[in-house]
Every structure is written in structure tokens, then in C-alpha cells.
Amino acid sequence: MTDSDRDPPNGRPILAERTYDETTPASIAAVYAIATALDTDPIECSTELGFTLYDHVDPEALDALVTHNQREGTVTIELSLEEYLLRVTDTGRVRVLGAADPSPESDR
């Protein structure tokens, strides 16, 4: 288990989690995770939420960055989407994290 697979930082709750693989690109898993977290249809995300994944990152570039190849080390991509955090790792996991807990206990 890598550090990026452990509990989210700063007390951010996991709102949705999806996996990706050879048949489902990371960018598609990210769209579905965002839609699930925000309780909307993936097709209607841009209308209902006012933004798309493409507004924040090139989906093809995201897919290429986390696709397994001959590199050493690990890759974790984090994007701020409004008050949410989208985290995509090269382990096949996509998570949408909620807003950080503002309470002092979250700093421990």
C-alpha cells in the first residue's frame, strides 16, 4: 500500500471512489467519481456543476500520466475542483475528497 492509498490528508472525507484499468481510463473513472460525489449524472456534470474535468486537466494527459509503463516510482495527481480534491493514483484508484475539516482536531 502506498501513502496515497492510505487515509486522506487533513481530515478530508472520501466522498466517492472508483477504479480504472485497461478498459476504463482514469479520466472516465474520474468523471464518474465526481458525479457520484456530487450526486449528479455524469452526462449532466457540466450543466449542473458548471465545470468539466477538461476545464482542469487534459483527460488524455491524465490517462498518460497514471498509466503503468517502464517508469520508477509512483504517481499521484491531485486537482482542486471547487472545495473538493480529486486524487488519481497510478495504482488504479480515483478518489473525490470533501472539504477539509476546519476543526483544530484535524491538525493532530
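Hydrogens, waters and symmetry mates are skipped; everything else that's a heavy atom, side chains included, is used.
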Value rounded to 0.5 Å, distance of NE2 in His56 from CD1 in Ile34:
8.0 Å
How close do Ala16 and Ala33 get, counting heavy atoms only, and between which atoms?
CB-O, 3.3 Å
Determine whether the side chains of Thr36 and Arg18 contain a donor N or O and an acceptor N or O closer than 3.5 Å.
yes
Pro42 versus Val31, closest heavy-atom pair with distance:
CB-CG1, 4.1 Å
If you look at every heavy atom in Tyr84 and Val96, which pair is closest and at what distance?
CB-CG1, 4.2 Å
Which residues share a side-chain hydrogen bond (donor to acceptor under 3.5 Å, both in side chains) with Thr19, sequence neighbours left out
none
Rounded to the nearest 0.5 Å, what separation is found between the CG atom of Leu62 and the OH atom of Tyr54?
13.0 Å
Residues clustering with Tyr32 (ILVMFWY side chains joined when closer than 4.5 Å, directly or via others)
Ile28
For Arg93 and Glu17 the tightest heavy-atom approach is NE-OE2, 2.9 Å
Answer yes if the side chains of Thr74 and Asp90 hold a donor-acceptor pair under 3.5 Å, and no otherwise.
no
Are there more than 12 heavy atoms of other residues, nucleotides or ligands under 6.0 Å from atom CD of Glu22?
no
First locate atom CD of Glu78, then atom OG1 of Thr89, and finally report the distance between them rounded to the nearest 0.5 Å.
10.5 Å
Could you tell me the separation between the CG atom of Leu38 and the CG atom of Leu81, rounded to the nearest 0.5 Å?
8.5 Å
Exercise: identify the closest heavy-atom pair between Ala26 and Val88
CB-CG1, 4.0 Å
Atom pair CG/CG of Asp58 and Leu53 - distance to nearest 0.5 Å
9.0 Å
Let me confirm one number: the CG-OG distance from Asp63 to Ser27, rounded to the nearest 0.5 Å.
3.5 Å
Ile77, Val94, Leu97 screened by side chain to side chain contact (heavy atoms under 4.5 Å, CB included) with Arg87, the one that passes:
Leu97
